[in-house]
Amino acid sequence: MARSSRLVASTATALFFLFLSAACSCRAAGDSPSAVVLPVRKDSATGQYLTGFRQRTPQVPVTAVLDLGGGTLWVDCDAGYVSSSYARVPCASKLCRLAKTGACATSCVGKPSPGCLNDTCGGFPENTVTRVSTGGNLITDVLSVPTTFRPAPGPLATAPAFLFTCGATFLTEGLAAGATGMASLSRARFALPTQLAAAFRFSRKFALCLTSTSAAGVVVFGDAPYAFQPGVDLSKSLLYTPLLVNNVSTAGVSGEKDKSSEYFIGVTAIKVNGRAVPLNASLLTIDRQGGGGTKLSTVAPYTVLETSIHKAVTDAFAAETAMIPRVRAVAPFKLCYDGSKVGSTRVGPAVPTVELVLQSEAASWVVFGANSMVAAKGGALCLGVVDGGAAPRTSVVVGGHMMEDNLLEFDLQRSRLGFSSSLLFRQTTCNNFRLG
Ligand SMILES: *[C@@H]1O[C@H](CO)[C@@H](O)[C@H](O)[C@H]1NC(C)=O
Ligand SMILES: *[C@@H]1O[C@H](CO)[C@@H](O)[C@H](O)[C@H]1NC(C)=O
Ligand SMILES: *[C@@H]1O[C@H](CO)[C@@H](O)[C@H](O)[C@H]1NC(C)=O
């Protein structure tokens, strides 16, 4: 995909100035914490996951939609952005070069503001829910995040010059009420995981634990034990699979050689009730154009499957549940049951397991009823997979519902995903995460 809104490309001669700006402005105030946390809650109206942090001077709380994709944090700089501490990222700076956007806003006529600056590195913030992107300035400002919030709120850790992209008010359309931007958890250089790791000098990894309700889940950045009440420590009991790099960008706006910053995993087969579902396995591999494969997405509320995979999985699930009375399907789902006729277990409705078989030996992500079934209107209980059409860019998109109350560790340094399967098995939930 070509850059659709290319700004003025920065020139190589500008490298001369790199020397001046090479000093990293990303040092934390006070002692560096070994981990920082962001609380996460689900917005019931949209199924989006929201997080909050403090930004600017004077500091204000900012709410943003959490996104495993995306490139940077972006916030609406047009409406109500007031701060005495923001600074532009000059086109000729090291930060601009590292951001690799190839864009520079040379001049802006008007009063200087975060959205109107001369000689400022440009970016392409994308609303990955609506797939709308625009051009906007790259700037830095103070950003503070908690070092812990349970059992009790801890001190904030502050990055004095956290880089982000200025979005516009129209770009926030389609986001949950109250959200004024999106916080990227992707592998991109200035997405939260890598930038926080650089600011606070901890490992380039984070753990994501989403809840199914408005109770707080968590993203933990850095090095922390994965401790949950009552007395459950998952640090040593995760299964691992490699994180794959899709060599072709999946973003709305990208350069020709950009790799995707999203997280792909190597699903090699899908099983229902332990039996392999017959499907076209080549759809599960990432092809030379970057199509196919399996990625994880927090902006997809439910898992999205390419049409033939969706049909195969739904048929297999129907065959394994022939004894459970069905009801008329509730969109967007195709297979629904009379919820009152489905038994319940510790890990949700008593239905066959769905298994994502992964490329590394013996590692399977086993999905139980709490993560495969969705309560729909009229008491229906539906298999929570959605038909993504016959030629989607990515064949399998693991959505938020399937990840809830599972601990997922994205280790960028070791390029691997650690996963716990359902925490309900261990009689805990993501709401019980404790740090400090
Ligand atoms: C950008 O530079 C021009 C020319 O020096 C000036 O007129 C304009 O006010 C500047 N814009 C901002 C936002 O500082
Ligand atoms: C991406 O490119 C690298 C190096 O060329 C290669 O080793 C890797 O297998 C490619 N990834 C995919 C998913 O094709
Ligand atoms: C399997 O999928 C690949 C990739 O989309 C396609 O080229 C091929 O024709 C499919 N094979 C069958 C038997 O449908």
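For ligands, and for the atoms within them, numbers begin at 1 and follow the listed sequence. These values consider heavy atoms only, across backbone and side chains, with no hydrogens, waters or symmetry-generated copies.
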Compute both the distance and the angle, then confirm whether Arg56 meets the cation-pi test with Tyr81: under 6.0 Å from the six-membered ring centre, within 45 degrees of the axis.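 Pair Arg56/Tyr81 counts as cation-pi.
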Please check if the side chain of Trp74 supplies one atom and the backbone of Phe164 the other of a donor-acceptor pair under 3.5 Å.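 A pair under 3.5 Å: no.
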Donor-acceptor contact present, side-chain Gln413 to main-chain Arg204, <3.5 Å: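 Present.
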Asp338 with Arg326: basic N within carboxylate O range, under 4.0 Å: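 A salt bridge is absent here (no side-chain N lies under 4.0 Å from a carboxylate O).
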In plain terms, say whether Arg187 and Glu262 are close enough for a salt bridge, that is, a side-chain N and a carboxylate O under 4.0 Å apart.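 Between Glu262 and Arg187 there is no salt bridge, as every charged N stays at least 4.0 Å from the carboxylate O atoms.
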Which ligand 1 atoms does [X] reach within 4.0 Å, using its non-hydrogen atoms?
| X | result |
| --- | --- |
| Cys116 | 13 (C) |
| Asn118 | 1 (C), 2 (O), 3 (C), 8 (C), 10 (C), 11 (N), 12 (C), 14 (O) |
| Gly110 | 12 (C), 13 (C) |

For ligand 1, the portion of Ser107 having any non-hydrogen atom under 4.0 Å away: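 Contact part for Ser107 vs ligand 1: neither.
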Could you pull out every protein residue that has a heavy atom closer than 4.0 Å to ligand 3, ordered by chain and then number?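 Those residues closer than 4.0 Å to ligand 3 by some heavy atom are Asn280, Ser282, Leu283.
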What about the rings of [X] and [Y], do their centers lie closer together than 6.0 Å?
| X | Y | answer |
| --- | --- | --- |
| Tyr263 | Phe410 | yes |
| Phe162 | Phe190 | no |
| Phe419 | Tyr240 | no |

Backbone or side chain, does any N or O of Val109 fall under 3.5 Å from an N or O of ligand 1?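 There is no such contact.
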